[in-house]
Each structure stands twice: as C-alpha cells, then as structure tokens.
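Working notes, structure below.
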Amino acid sequence: MMWLIFALAFWAGAWALNAALARSRWRDTRVVRIAVPVLFGVTLLVLWEGMVRGLGVSPVILPAPSVVAQTFAASTETLWEDFRQTVLKGALTGFAIGASAALLTSVAIDRSAFLTRGLLPIGNFVAALPIIGIAPILVSWFGFDWQSKAAVVVVMVFFPILVNTVQGLRETDAMQRDLMRTYAAGYWHTLLKLRLPAAMPFIFNGLKIATTLALIGAIVAEYFGSPTRGMGFRISTGVGSLSIDLVWAEIAVAALAGTAFYSLVALAERAVTFWHPSQRRR
Amino acid sequence: MRAALPVLTVLAAILLLWYLAVAPMNIRGALDLAERSGRAVTPETPLARQDVSVWRLMAQNPGQIAAAYELDRPRLPTPQQVGGELWKTTGEMALRGRAMSKRSLIYHAAVTLRSTLWGFVLGTALGILGAVAIVYSRVVDMSLMPWAIISQTIPIVALAPMIIVLSSQLGIEGRGVPKAIIAAYLCYFPVLVGMVKGLRAPAPSQLDLLQTYSASGLQVFLKLRLPSSVPYLFTSLKIGIAASLVGTIVGELPTGAISGLGARILIGDQFGTPLAIWAALLAAALMAGALVTLLDLLQRITLKRMGMQA
Amino acid sequence: MNETIIDAQGLDLTFQTNDGPVHALKDVSLTIGKGDFVSFIGPSGCGKTTFLRCIAGLETPTGGSLSVNGMTPDEARRKRAYGYVFQAAGLYPWRTIAKNVKLPLEIMGFSREEQERRADRVLELVDLKGFGAKYPWQLSGGMQQRASIARALAFDAGILLMDEPFGALDEIVRDHLNEQLLALWARTEKTIGFVTHSIPEAVYLSTRIVVMSPRPGRITDVIESPLPKERPLDIRDTPEFLDVAHRVREGLRAGHAYDG
Amino acid sequence: MNETIIDAQGLDLTFQTNDGPVHALKDVSLTIGKGDFVSFIGPSGCGKTTFLRCIAGLETPTGGSLSVNGMTPDEARRKRAYGYVFQAAGLYPWRTIAKNVKLPLEIMGFSREEQERRADRVLELVDLKGFGAKYPWQLSGGMQQRASIARALAFDAGILLMDEPFGALDEIVRDHLNEQLLALWARTEKTIGFVTHSIPEAVYLSTRIVVMSPRPGRITDVIESPLPKERPLDIRDTPEFLDVAHRVREGLRAGHAYDG
Amino acid sequence: DEVTLQLKWVTQAQFAGYYVAEDQGFYDEEGLDVTILPGGPDIAPTQVIAGGGADVVVEWMPAALAAREKGLPLVNIAQPFKSSGMMLTCWKDAGIETPDDLKNRTLGVWFFGNEFPFMSWMSSMGISTDGKGENGVEVLKQGFNVDPLLQRQADCISTMTYNEYWQVIDAGVNPDELVTFKYEDQGVATLEDGLYVLEGNLDDAAFADKMARFVRASMKGWKYAEENPEEAAMIVLDNDQTGAQTEKHQKRMMGEVAKLTAGSNGALDPADYQRTVDTLLAGGSDPVITKEPEGAWTHAITDAALN
Ligand SMILES: Nc1ncnc2c1ncn2[C@@H]1O[C@H](COP(=O)(O)OP(=O)(O)OP(=O)(O)O)[C@@H](O)[C@H]1O
Ligand SMILES: Nc1ncnc2c1ncn2[C@@H]1O[C@H](COP(=O)(O)OP(=O)(O)OP(=O)(O)O)[C@@H](O)[C@H]1O
Ligand SMILES: Cc1ncc(C[n+]2csc(CCO)c2C)c(N)n1
Ligand SMILES: [Mg+2]
Ligand SMILES: [Mg+2]
C-alpha cells in the first residue's frame, strides 16, 4: 500500500514540476525540452513499479521495472546476440535493400508518366495492406535464418518509400520546373539539381514510417520459424517458459533500438532537409 | 478514370510475372511428386536435385512444368488457384447459405472486421482526445509527444500475449478485446499526429480574428479549430483504419485467436495449406481496400458538404 | 478636433525573440478623433501592423499609455469596440459568404433573425447581395476581400481597423474597392485606421496620413490632407493630390535609409 | 528602330481546359527591337504571362508566327538566349544564394572558376555582395528577388524576360529595385520584356508600354514613352510622366468593363 | 459450478475427451458449466492460469515443472495421457538411421515450453545444441507446419504421432522414406497433456470437489472417445472455430490419440512421473529443472473422482 501511495504522490509531484517547467522562462531551452518527457517517462516507470509492488502482481504476469532492469543487466550477452540477429541482420539489411530498391524503382518509373500513373494507385493500395501476413510465406521461401526476416522487411518497407518518393518527385512546383526549362536543362540535371532535393522531405517521411515497420516485420517473422536466437524467438519462448522479465528486457531493447533507428533517420533528415520550413528553427 | 488504363496495364504485368514465377517456384515440388508416382525425372532423387538450379530442372524436365501449375500445396500458387480458393470459401459458401459457417472466410472476415472497427473507434477516440490535450496544454505536448513516437517503435507483437493475460486479469473476457487493443495501439498514432496538425492548422490571423470578437475558448475550438482539422482528420483516418486492420491481424497471429483472417493465415501455415494463407491474405487485402475506399468516399461527401473542395 | 477615440502616448513595444529584442514601436504618440480616416504608411517592418494590433488589444505595449473609447484596448476588445480586417480575406472556406459574415454575430449571441437581417444589410453595403449562398472559393479575390469587410461591419462597431486589406489585389480592383470604401466611410461615419504600402491609396483615402519608419518603429511625420471629403477617382490627377503624395514620399524617403 | 529581336505576328493561343477552351491570346502582333524595355500591363487574365511564356518557348502558340533572335522560340531557349525572372523569386531553398546564382552556370557547363567569377560579378551588380553564403530564407523578400535577377543575369543572355518580378514587394522596396533595374538596363543594353500591374512602374521603366485586355487576351494599345533614358525617381512627379500614366490608365479603362 | 479449461493447442482430437464430455453432457451431469478455451501458438497455459484466465489447464509436464521452479506452484491433478506422442521425423535418404546420426544435422524443434524433452534427450546423448559440429546439432525454431522437412531446410523435425507426422504423409511422402525416433523408444519420454491447477486453490475444499467432478466427467469423456473414435472426431470438428480442420485428419488423429490415452484411468502413475523428472534433471549443463520438485502432483483429486 505504501508503494502505491508513494507512486501516486510521485506522479502528482512530477506532473506539477513538469507543468511548472513548461510554463517557465526556460521552456524553450534544450534542457527543459528533454527533461520534461524524461521526467514523464520516469513517472510511468515509478507508477508501474508502485502498482506491481503495491498490488502484489505476480512476476509471471508483469514484472516490476526494477526486476526487468536486473534481468537486462544480467543477460546483456543474450540480448546482444538477439539484437544482432534481429536488428542488425534482419531489420537493417532488409531496410537497406528495401529502401534502395524503392528509391531506384521510383526514379526508374518516374520517367514514364504512364507507369507512374499506373503504379502510384497500386503502390498506395499495397502500402495500406496488412503485408505482415506474408511473413509465413516468406519464411517458407527463404528459410529460417535472417534472410527470410530481411525479405519480410524488404516487402514491408518497399511500398511506403516508393509511394512517398514518387509523390515527392512530382512535388516540384511548375515554376521551378519552368526555370529549369529556361536553362534548357536535361533530364539528369533536372533530377539531380531540382527534383531529388525537392523530394527529400517526402523521401524521409517514407523512411521514417519504414523504420518502425522494419522492426515489427523482423520480429513477427521470427514467430514463424527462426534459429535459436533473435528477439522474436526470445520473446515467444520467454512467454512459453514464463521468463517474462527477459521478455520485457527484449521489449526494452526493441524500443531502444527502434527509437535509436528512428532518431538516426530523423537526424539525417535534419541534415539533408535543413532548408525545409518544418525543419527551420525560427 | 484517366488512371484506369495504366493501372490495368500494371496489374496485367504483375499477373504475368506472377504466372511466370510459378514454374520455377514449384518445379521441385512437382518433380518430387512425379518421382513418387513413378515417372522418370532427372536427376532421379530429391537429394540429387537439391543442388541443381531450378532453371536446369525446368530445362531437363519440360514435361513436368505443367504439373507445377497444378500442385495441391504449391510454394507459389497461381492467381487462379488463389481466386478459386477464395471463391470456394466465400461466394460458393454464401450461395449454399453457409456464409457464416466457420469454414467460410466471410465469417472470419467479419470477426476481423469487428475487432478492426472497435480498435479503430477506440484508437480514433484516443487520438483525437490526445490531440486536443496536446494542442491545448503545453505540458501534455512536451511530455506526451516524444512518447507517442517511441510507443510506435515498440513491436506490439511482443506485447500481444501479455495484453491477453493482462486483460483477462482485469476481468475482460473474450479474445476480441486484446485484438482491438492492439489495433487501437497502432491506429491512435496517425490520428493523433494528423489531428494535432489539423487543430494547429488555423493561421495566427484566423485565431486573431476570433480574438477581435473576444470569442471564448470553446467557440474558438468549435468554430475554427475543429472545422479546419476535418481534412486532416480524414487523411489520418484512412491511415488509421489500415493500421487498425494490420493491428488486428497481427493480434490474431500470436494471441491464439481462433477465428479471424489472421488466425486463418496462422492455421493455414500450421497445416501447410498455402492456398488457405493466400486466400486469407487476398481477403484481407480486399477488406483493407474496401475500408479505405469507404472512408475516402465519406471524406469527399463531407468536404463537399462543408464547401471545401475535395 | 472631434471627440478623441484613440489616444496613444509614448507607446513602446519590444518583442523578445530568439535573436534578441526587437524594438517594434518606440515613443509613438497619436490621437485619433471620431470619424477620422487615418492611414499608416511606411516600409516593411516599421511597426504599422504592431501598432494596429496594440489598438485592437491583440498585442500589449511594454510602455506608454493607450486608450480606446476611453478604456484600455483589452476592455475595448471585450466590448467589441472595433471591426478588424486582415490583409488576406481569411474567410472560412467551410462557411458560405453569408455564414462567414454571421460568424461574429453567432459568437456575440445575436438572435437568428437579427443575424439574417444584419448579414443582408452589410452584404448589400459591399455590393455582394445575392452571393450569400456562395462559398469563398467561388468568388474572386476582390469579392472575398469585400466579404471580409462586410464581416467586420456586421456588428456595427464604431471603429474599423484595416491592415493592408487590399494588398493582395491588383491595381484595378483596388481602385474600385477604394472608391467603395470611401463611400462607406462617408455613409457610416466610422473611425478608420488603415495600413497600406501604397502612397496613392493612402492619399486618396485618408484625412490624415501617418508616416512611420523602422528600427525602431516610430512615427516620423503626420500629414493632414487638404482634400475634400468628396473624392472622385479623378482627384488623383489633381495638383493637390499630387502635392500630398509628394509630401508623403518625401516623408518616407527622409525616414529611412534603404536596405531592403 | 533597332535590329528586331522579338517578332510576333498574329499570335494566337487557345488552352484546352476541362471547362472548354480558353482563348488566352488572340491576334497578337508586336516587334521588339534590340535594347528596348517593353512593359506589358493589363488586368488579370489578359495573357501577359502567356505571351511572355510564348517568347520563352515555354508555351506553344496555336497560331501565328513568333521569332526570337531570328529563331523559333524553342531554338532560342535551347541556345539559352534569355534570362527569365518569375514573380516569386523561386530560389532553391537548399542552395545558398551564391549556389543559386551558379545553378544555370553549372547546367551550362561553365568551369568552376568562371562560375565563381560570374556569381561574384552579378551579386555585386544587384548589391548582394557578402550575402553569397546565406540561404534564401535568411534574406528579405526584396533581397531574394534581387538574387533571382542575378541568377537570370549570370549567363549573360541578351534578353531578359521578367514576369511581375516585384509584384510581391512593398512599394518602397519596389521603387528602389526599379531604380536599380533601370541602371542595370542602361549599363548592359539588354532587351527587356517586363510584366507588371503597376502603372507608375510601367511608365517609369519602359521605352514602350503594351496595354492588354482579356477575353480573349489581345493588345489594345502600345504607348511609346517620350521620357529620356536617364530617369531619376523624381521624374514621376513631372507632367510628362503623369501624362503617359494618364494615357496608360485610359487605355486600361477602355480595354475592359470592370467586373472584379 | 463454472470451470474454465485452457487447452494447450487449437481445437483438435488431441483434446477430444473434453469436447466429448461437454457434448455428451457428462459435465452437466456433474453440475458443471465448463468453458473450453482453445490454445494457440502463443498461448502459454501456464501464464493464462497465473493470470487467472483459467481454473485448470492442459499442459505438458516439463513446462509445468519449469513453471513451478519459476515460482508458479502448478500441481498435476490428473494425467489422461499415459504415453508420449512426441517424436523426431527424419529423411531416410539423408542417411539417418540411429540417434547417433543426428550429429551435425539441422533439426527442427518446437519451443515455447515444448523444447524441454528435446533438450534433455540431446544432453543425455551428450550432443550440444549450439550449432553444427562433430558433436553438435543446428536447432531451428520450427513453426507450426512441416514445410521445413518437405523443403529440406531441416533433416529432421519434431512431430506428434497423431498430428504432424500425418501431415508429412498427406503431403505425398511414403512412410518408408522416413525414419522416426519416438521419445518413448529412446527412454526420454516425458508426460504430456496433464491437468494442472494452482496449488493454493486445492486447499479450498469446494474447489477440490469441483475438480474431482471435472476430472471424473473428463475421464468419462476420454473413455467414450476411445470407444467411439469416429463420433468423437465429429464432435471435435463441430467445435472447431477455425474451420480449418478436416474430417479425415481428425478421425485419424483420434485413432492415434486413443493409443496414448489407453491404459490411463486419469491417475498419475508415480513411476511415469519419476521417469519424467529424472529425464529433466539429467539435462547436463543446462537442465530444465535443477532440483527434485516437491508436491508437484497429487492423487487427492483422482482418488475422489474415481472412487
Ligand atoms: N510576434 C512577433 N514576435 C517578434 N517580432 C515581431 C513580432 N511581430 C512583429 N515583429 C517584428 O516587429 C517589427 C515590426 O513588425 P510589423 O509587422 O508591425 O511591421 P509592418 O510595418 O506591419 O511591416 P509589413 O509592412 O511587412 O507588414 C518587425 O521587425 C517584425 O519582425
Ligand atoms: N496552363 C493553362 N491552362 C489553361 N488555361 C490557362 C493556362 N495558363 C493560363 N491560362 C488562362 O489563360 C488566360 C491568360 O492567363 P495569363 O496567366 O497569361 O494572364 P495574366 O495576364 O498573366 O494574368 P495575371 O495578371 O493574373 O498574372 C487566363 O484566363 C488563364 O486562366
Ligand atoms: C509455438 C509452438 N510450437 C509448437 C507447439 C507444439 N505443440 C504443442 S501441442 C501440439 C499439438 C500437436 O499437434 C503442438 C504442435 C506449441 N504449442 N507452440
Ligand atoms: Mg504589417
Ligand atoms: Mg501573370
């Protein structure tokens, strides 16, 4: 009970502090911008810890964050092995292949207005499909190791990136294209100097969507068969053998990896599209 | 309509490629079968065939290529086979008045649809409420927004089994609820982002205008922020419903759902009946298409009614 | 001079921005009487908009005193003392023209019939009778801007504040709207504050022209117009007109070193 | 008259749109000689932009004949015979000002040093020395527009086509740029086609003013300016200037019934 | 009285006894209202019962004992399955004849708590599962189908005598192309499909009585199913919500399952229990359980049920 009360009190306090920070003079400083969400996250953890302890929740149902942290620290080797298998080999390889394929395809079909008009609606349609369902098929085609996971990721990330890129390549306004015509610029000049740079915000939009898809794809595919390592493997066997703390440790790794991956892409976006109004700080 | 011809052409090309891929994909299976039924194939044993490329196999056994298009358990079924299976489990059953039998994909689609819609409603409600909170409160904006993004990097499949257990712990019966929760988890994010954008869409001068009337906060919301967010809302609803369907199907894969399209995919996998997987996938695709099209239609009608050109 | 409506004394306003403070208004003193038509002219960034927004209670001065109808600007705003017209028409695309005009009336809680009556009246006033059921995008830019003026007139405030209302329109449409605005002003006897970039427009419309200059934003000249209240468009070719225009241009030139 | 640079005879252009054909240009005939500064003025939709685009080879007339430097407009475009300045500056936001100016030079394959040299020169010409490393959004609207003029000047085409280049700027900045443009024209002796909505601007700048009118777009008047080549800003208060301005206004008024 | 039963896997003849008892009204006769929850690939019965989602679960003993060591006090109250149906099915043409030939091969294994018998077997033979080698095997986490064998991604896969084996046969493979190693024959059989409840609940006399009636009715169902396999299979089919099961397959499965339940009256044979525990303890460096469990089973319920 003490725990519960403490957690609730902590929550109230942290929220009040956050509210004060958000109203304060320093609210636009980098420190506060980071501190506020971090404090919020910490509050969630404390609340979770307090609930689990206060209500005496069984650890095979929901372990406390402190327990998860211990397990995390104790099983770094396993976690690293799984991370390499699922994220580095499965997700990243698939992402790289899928993204390059999508970029090349968009540039290729972009030359033909006919193809673009035909492929864009289909691409949009496919991007909205639950593609994840093909995981069992691809596992049976490409085997149990990371190749099949990468294949799932390739298919999943391909269409969002394709659609966004094609859209982006068409996004230059008429005046900018006319300007190139007044210089009698050829296809490649127009592509490299105008259309690709102008498409970058769109391309990155696609890439950002794809990052989260990549991780989900790689993990789900492991449910349909895998070697005896990988995050999906560990999560599913962990649930089966009631090592729920290890499962949460894997989830933490997934969230960290996903966030890091996303941030990396977002950072690259900032560097490449610094000029876009949405990226400019006033 | 201008897009009809190109789309059809591209579709035809895809179908053609699909047909062409069937032979190399299935030739091994066809040869195994032929060998068992005593016909002569080269090389003679499966083990020996293992190291020969499919192209060689096709060249050496031209007579068996046709068989690759008629396997019971193909690695890659022909479009016809998939269509046939889909018809057998939907139209044909409906004609026999057994549309809602458990063997009918219509029944399973309905199960999936129900969870999808519940998840969609739940996720949309959450997304809109969250967006309102974010737009109106700086603290919520600063503390919630980063976590909303991080929440999407967590692979929900991992949470699926736990969601079942936790929801049964909380006294929620029925397997539909966890699925709907997962669906809502995926659906709320695009709605949240779209609505935040939409509610912030009014230009400062538009807000100032209402200030000059000394309008109340509620009036500003109802007369300006809400209407100007409608186009954004629909755009994100279309993404949201697709995400919701993905969530439901993902939820049906490992949460031991026993009915629904995701469960059909899983069961098709467990029993090694690829046709069932493909048919369920096709049904899911059709459903996604129908749902998004429906929302698109709704968007056109609403925007037209509101006087904003679609 | 007539009864004082707006009275600014030693007004100061400094914005705090990421790049340091911006001194948008410095020691601005001005009184505007009832029924005056006062134009504000000056290069970009000289604080015309900021001053108008101060009067409207949308911006709070950091120094000096300002009263509107004898109240603070914020009280005046709450009392709905003025109508404000922005540079872009800013009509809501999801409302018909009539519904746009009724927007302030809805907010201020007028009865339905009263809304109807007033919308009809002001739409007629700006020559838009019969367009009430149209949506904004079905109208030309000039018509949209007139609708936005109708919206500001609908609730019959004594003061009309206009921030470059015709800036986005072409010269010919502009001429026409200027003529109409002048007629409207003559008929209603409103007090008008009007921001513009155009010298002929300022001279043609105003009883007084306030010339401002930037960095920091301040008033450099106030020119009383000797023109009669009746002003056909042709007046712009008369020597009196040209003389005033010349003085305004001189004022502008004196007020700042060019660095656009 | 000098050597003919642009020669249009009986030009016709009809756009096919969803709402049926739009007759944008009808029987337009005009010759422009070397070193002329020709302004096009007329209400919105009268075909000013369309005519300029025809000259630039960006639009293909549906009738009549048009030659530029004795070639078809398309040939002239491929030979990079002209620089074109659009209404919006249209600088690429991902390039610095200097890189923007070098864009046509890169495409035309100039050497790196030559690019450097020319960029420096034209940036100086438009008073933007020292701003080469800035990005467009870090500059004011007037500076951006000057950069876009520099970009059009960089490759030294004999013809400069400008479509309302100063339309988005305020009158004061505009005055200044007009002055600079005039000086530039005097120095370089380019042939200039200039679209504007502003009567004073047209009169101040041009050797010839082409008045157009819409539906269908056609030329209704061509006014030769008696003003000398040397034109201080003050010239706008002289009777000669006002006389030309008056003629232009009359031409405009005659050309169309108001319906904004 | 209400009873919720969590199955280990999807609705199939493996659980015929329970469906028959429900269908034939045996549960009603005992005054029970039984809800049967089908399982699935990621349903861990142990976790479901821990979360309060079921009163009693069907589980394999290795998983149950492992959970017990993890702090979830599961107790076996009845054991309808006498023998194990688990086996390893291999291609003969791959050159596999004896268990020793398994070395340096790729083997498909079920995880999710079903890997324990395999792990024990391998460690009892001194084979490492960390990868191919002189004395090691490559282990794949096998999915839910037999494709890895058919497509030769694995040399052997795990199968149940009553289910996956027949899927291989249905795919057109001749039984004489295959070699099978039954865990029973290898002496490493562990008990499958027992009924487990939470230890704490048994202290409640009402609950114990409810379970006794449940077990009595369930065993009646099992015996009925053994005697009327065709009818039992049809009952299972009626209860299948996936609509994916076929009559032919379920009838055949019922026949095979009957062989495993034969010889059990529901009471756990302590000797079988001991053999299972010994197998699990013998797990070499990484045994499934580390110490002899205590109180992991009881005859109290079956005694009450069968007398
Ligand atoms: N909200 C604000 N925050 C910071 N600085 C501001 C703000 N509003 C205006 N400024 C600055 O104050 C100065 C005066 O701006 P203001 O908009 O009043 O000029 P203006 O005369 O209306 O110019 P324009 O003719 O371009 O409309 C400018 O330097 C401007 O950048
Ligand atoms: N690409 C096009 N397709 C169809 N109609 C066009 C196109 N371009 C211009 N028009 C039409 O041709 C007519 C002339 O247009 P144009 O842009 O040349 O006018 P303008 O004189 O430049 O007007 P503004 O002053 O508004 O720029 C207008 O009615 C316009 O709607
Ligand atoms: C992920 C997963 N893989 C395999 C099994 C194994 N399993 C246990 S009982 C049973 C029935 C036999 O048909 C099977 C296949 C499982 N439960 N979960
Ligand atoms: Mg302003
Ligand atoms: Mg134009």
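Chain A is the first sequence line, chain B the second, and so forth, proteins listed ahead of strands; every chain is numbered from 1.
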Of the listed A:Ala20, A:Ala127, A:Gly133, the one with the largest count of heavy-atom pairs under 4.5 Å with chain B is A:Gly133
Heavy-atom nearest pair, B:Met142 first then A:Arg33, reads CE-CA, 4.1 Å
Query - Flag if over 12 foreign heavy atoms under 6.0 Å of NZ, A:Lys208 - result: yes
Chain B shares the most heavy-atom pairs under 4.5 Å, among A:Ile251, A:Leu215, A:Leu39, with A:Ile251
Of the listed A:Ser140, A:Ala218, A:Gly258, the one with the largest count of heavy-atom pairs under 4.5 Å with chain B is A:Gly258
Honestly, the part of A:Val126 sitting under 4.5 Å from a heavy atom of chain B is neither
Rounding to 0.5 Å, atoms CG (A:Leu129) and CD1 (B:Ile249) come to a distance of 9.5 Å
Pair B:Val139, A:Phe40 - check side chain to side chain contact (heavy atoms under 4.5 Å, CB included), show working.
CA-CA 10 Å; B:Val139 213; A:Phe40 180 75; over 6 Å; no
If one checks every heavy atom of A:Val247 against chain B at 4.5 Å, the contacting part turns out to be side chain
Residue from B:Asp269, B:Thr248, B:Ile154 scoring the most non-hydrogen pairs under 4.5 Å with chain A is B:Asp269
- prompt: Yes or no on side chain to side chain contact (heavy atoms under 4.5 Å, CB included) for A:Trp15 and B:Val140, after CA distance, side-chain angles and deciding distance?
  reply: CA-CA 10 Å; A:Trp15 190 255; B:Val140 179; 4.0 Å; yes
Count the heavy atoms of every other residue, nucleotide or ligand shown that sit under 6.0 Å from CE of B:Met145, and state whether that count exceeds 12.
-> yes
Interatomic distance, CD1@A:Ile209 vs CD@B:Gln152, rounded to 0.5 Å, equals 11.5 Å
Bottom line for A:Phe125: the part with an atom under 4.5 Å from chain B's heavy atoms is side chain
Okay, B:Met287 and chain A: the region with an atom under 4.5 Å from a heavy atom over there is neither
So, the part of B:Pro146 with a heavy atom under 4.5 Å from chain A: the answer is side chain
Residues B:Met25 and A:Trp141: closest non-hydrogen pair is CE-CE2, 3.2 Å
In short, side-chain hydrogen bond (donor to acceptor under 3.5 Å, both in side chains) pairs touching residues 253-266 of chain A with sequence neighbours left out are A:Thr259-B:Thr153
So, the part of A:Ile137 with a heavy atom under 4.5 Å from chain B: the answer is side chain
CD1 (A:Ile134) and CD1 (B:Ile277) are apart, to the nearest 0.5 Å, by 11.0 Å
Given A:Gly118, A:Ala214, A:Gly232, the one with more heavy-atom pairs under 4.5 angstrom with chain B than any other is A:Gly118
Checked B:Ile241, B:Leu291, B:Leu281 vs chain A; the most non-hydrogen pairs under 4.5 Å come from B:Leu281
Shortest non-hydrogen pair, A:Ala128 vs B:Val292, comes out as CB-CG2, 4.5 Å
Between A:Arg117 (side chain) and B:Val7 (backbone), is there a donor-acceptor pair under 3.5 Å?
no
### Task
Just do the side chain to side chain contact (heavy atoms under 4.5 Å, CB included) check on A:Phe114 and B:Val10 with the steps written out, would you?
CA-CA 9 Å; A:Phe114 185 81; B:Val10 172; 5.7 Å; no
Residues at least two apart in sequence or cross-chain that pass side-chain hydrogen bond (donor to acceptor under 3.5 Å, both in side chains) with A:Ser243, listed by chain then number, are A:Ser241
Bottom line for A:Leu119: the part with an atom under 4.5 Å from chain B's heavy atoms is both
